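Contents: one structure, followed by commentary.
One is the number of the first residue; the rest follow in order along the sequence. Values in this document were obtained by computation on a predicted structure and should not be read as measured data.
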Amino acid sequence: MSATDFKTLAQNALQFYQDGNFESAAGLFGEAASALQAQGNTLDAAEMQNNQSVALLQAGDAHGSYNSAHNTAQVFAEAGDFRREGMAYGNEASALAAMGKMDAAVQSYQLAAAALEKTGEYQLRASVMQALAGIQLRQGKIMNAMLSMKIGMAAVKNPTFKQRILQLLLRFLK
């Protein structure tokens, strides 16, 4: 399969995703991942697996989403691509949370935040920390949740309006 074929598959998958046809998008992302893996292009294959993971989660298939994203973070870590490593851990964590495996989701979100901290992706890291705080709140760990939010917001250089309000509220946390 040529590079043009992969681009076409990915574009078609993205169009299905944008149209809300998550099952078809996931199928095409999976096909692209398999073909790229067969050619030895593990980085792009892992990227397609993560795209597939997101589509499967949107389709309501948390187990499939987890299986698709699982172990892709290691591929990105070995390549030194910390941004995609963090995103892969985040995808894995979202799937784990959807399956009700909250402790494992917390661990994956923490790994995602650590990887994203290396990249300077503070807005993305803040989103990860917000998701982590949401799980901690559901677990009844209120102080952990507040601390996670405070840590996530601390490095955001250009906060949104909502983030500025949150930062103001978090200043009272000692």
Side-chain angles (χ1 to χ4, degrees), residues 1-99 101 104-132 134-135 152 155-160 162-163:
M1 189 173 275
S2 72
T4 305
D5 294 334
F6 291 122
K7 286 181 183 177
T8 300
L9 264 179
Q11 288 172 344
N12 289 340
L14 183 60
Q15 187 61 53
F16 278 129
Y17 185 87
Q18 290 171 342
D19 292 343
N21 189 343
F22 304 119
E23 295 88 1
S24 295
L28 289 179
F29 283 132
E31 284 180 43
S34 295
L36 286 163
Q37 190 67 46
Q39 288 189 342
N41 188 342
T42 56
L43 277 177
D44 288 338
E47 179 74 22
M48 290 297 116
Q49 285 176 263
N50 274 280
N51 292 343
Q52 181 183 36
S53 173
V54 172
L56 287 169
L57 192 59
Q58 288 293 317
D61 183 0
H63 284 62
S65 175
Y66 174 79
N67 290 335
S68 186
H70 188 63
N71 292 326
T72 59
Q74 289 79 8
V75 172
F76 296 127
E78 289 170 8
D81 189 337
F82 301 117
R83 182 180 190 279
R84 290 195 291 181
E85 175 190 2
M87 293 179 71
Y89 276 127
N91 290 340
E92 192 174 295
S94 295
L96 286 164
M99 291 189 298
K101 297 182 179 185
V106 165
Q107 289 177 336
S108 289
Y109 275 132
Q110 289 169 335
L111 291 169
L116 291 169
E117 185 174 24
K118 296 175 190 175
T119 68
E121 293 275 349
Y122 298 117
Q123 287 286 1
L124 191 53
R125 184 172 183 260
S127 296
V128 166
M129 295 303 287
Q130 183 176 359
L132 172 60
I135 290 174
V156 175
K157 293 186 180 12
N158 297 312
T160 65
K162 282 176 55 176
Q163 289 172 329

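Partners of Ser65 under the side-chain contact (heavy atoms from CB on, under 4.5 Å) rule, at least two apart in sequence or in another chain, are Ser53, Leu56, Leu57, Ala95. Scanning for salt bridge (charged side-chain N to carboxylate O under 4.0 Å, His left out) contacts around Asp61 gives an empty result, with sequence neighbours left out. Applying the side-chain contact (heavy atoms from CB on, under 4.5 Å) test to Thr119 and every residue at least two apart in sequence or in another chain returns Phe82, Arg83, Leu116, Glu121.
Rounding to the nearest 0.5 Å places CG of Leu96 at 9.0 Å from NE2 of His70. Atom CG of Asn67 and atom CD of Glu92 lie 10.0 Å apart (nearest 0.5 Å). A distance of 8.5 Å separates CG in Leu132 from OH in Tyr109, rounded to the nearest 0.5 Å. Asn21 CG to Asn12 CG: the interatomic distance, rounded to the nearest 0.5 Å, is 11.5 Å. Atom CG in Asp19 sits 9.5 Å away from atom CG in Leu14 (nearest 0.5 Å). Here Leu28 contributes atom CG and Asn51 contributes atom CG; the two are 11.5 Å apart, rounded to the nearest 0.5 Å.
Here the closest heavy-atom approach between residue Ala13 and residue Ala25 is recorded as O-CB, 3.3 Å. The minimum heavy-atom distance between Ala62 and Ala98, with the atom names listed, is CB-CB, 3.7 Å. Of all the heavy atoms in Gln52 and Gly30, the pair that sits closest is NE2-CA, 3.4 Å. For Ala105 against Ala97, the heavy-atom pair with the smallest separation is CB-N, 3.7 Å. Of all heavy-atom pairs between Glu117 and Tyr122, the closest is O-OH, 4.4 Å.
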Start with the C-alpha gap between Arg84 and Leu43, add the side-chain angles, then the distance that decides, and say whether side-chain contact (heavy atoms from CB on, under 4.5 Å) holds. CA-CA 10 Å; Arg84 290 195 291 181; Leu43 277 177; 4.1 Å; yes
Please walk me through it: do Gln49 and Thr72 pass side chain to side chain donor-acceptor pair (under 3.5 Å)? CA-CA 8 Å; Gln49 285 176 263; Thr72 59; over 6 Å; no
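Using a 4.5 Å heavy-atom threshold, the side chains of Glu85 and Asp81 count as separate. The shortest side-chain heavy-atom distance between Gln74 and Tyr89 falls under the 4.5 Å cut-off. Under the 4.5 Å side-chain criterion, counting only non-hydrogen atoms from C-beta, Val54 is in contact with Tyr17. Met87 has its side chain out of reach of Asn50: every pair of non-hydrogen atoms, C-beta onward, lies at least 4.5 Å apart.
At distances below 3.5 Å, not a single donor-acceptor pair connects side-chain atoms of Ser68 with backbone N or O atoms of Gly64.
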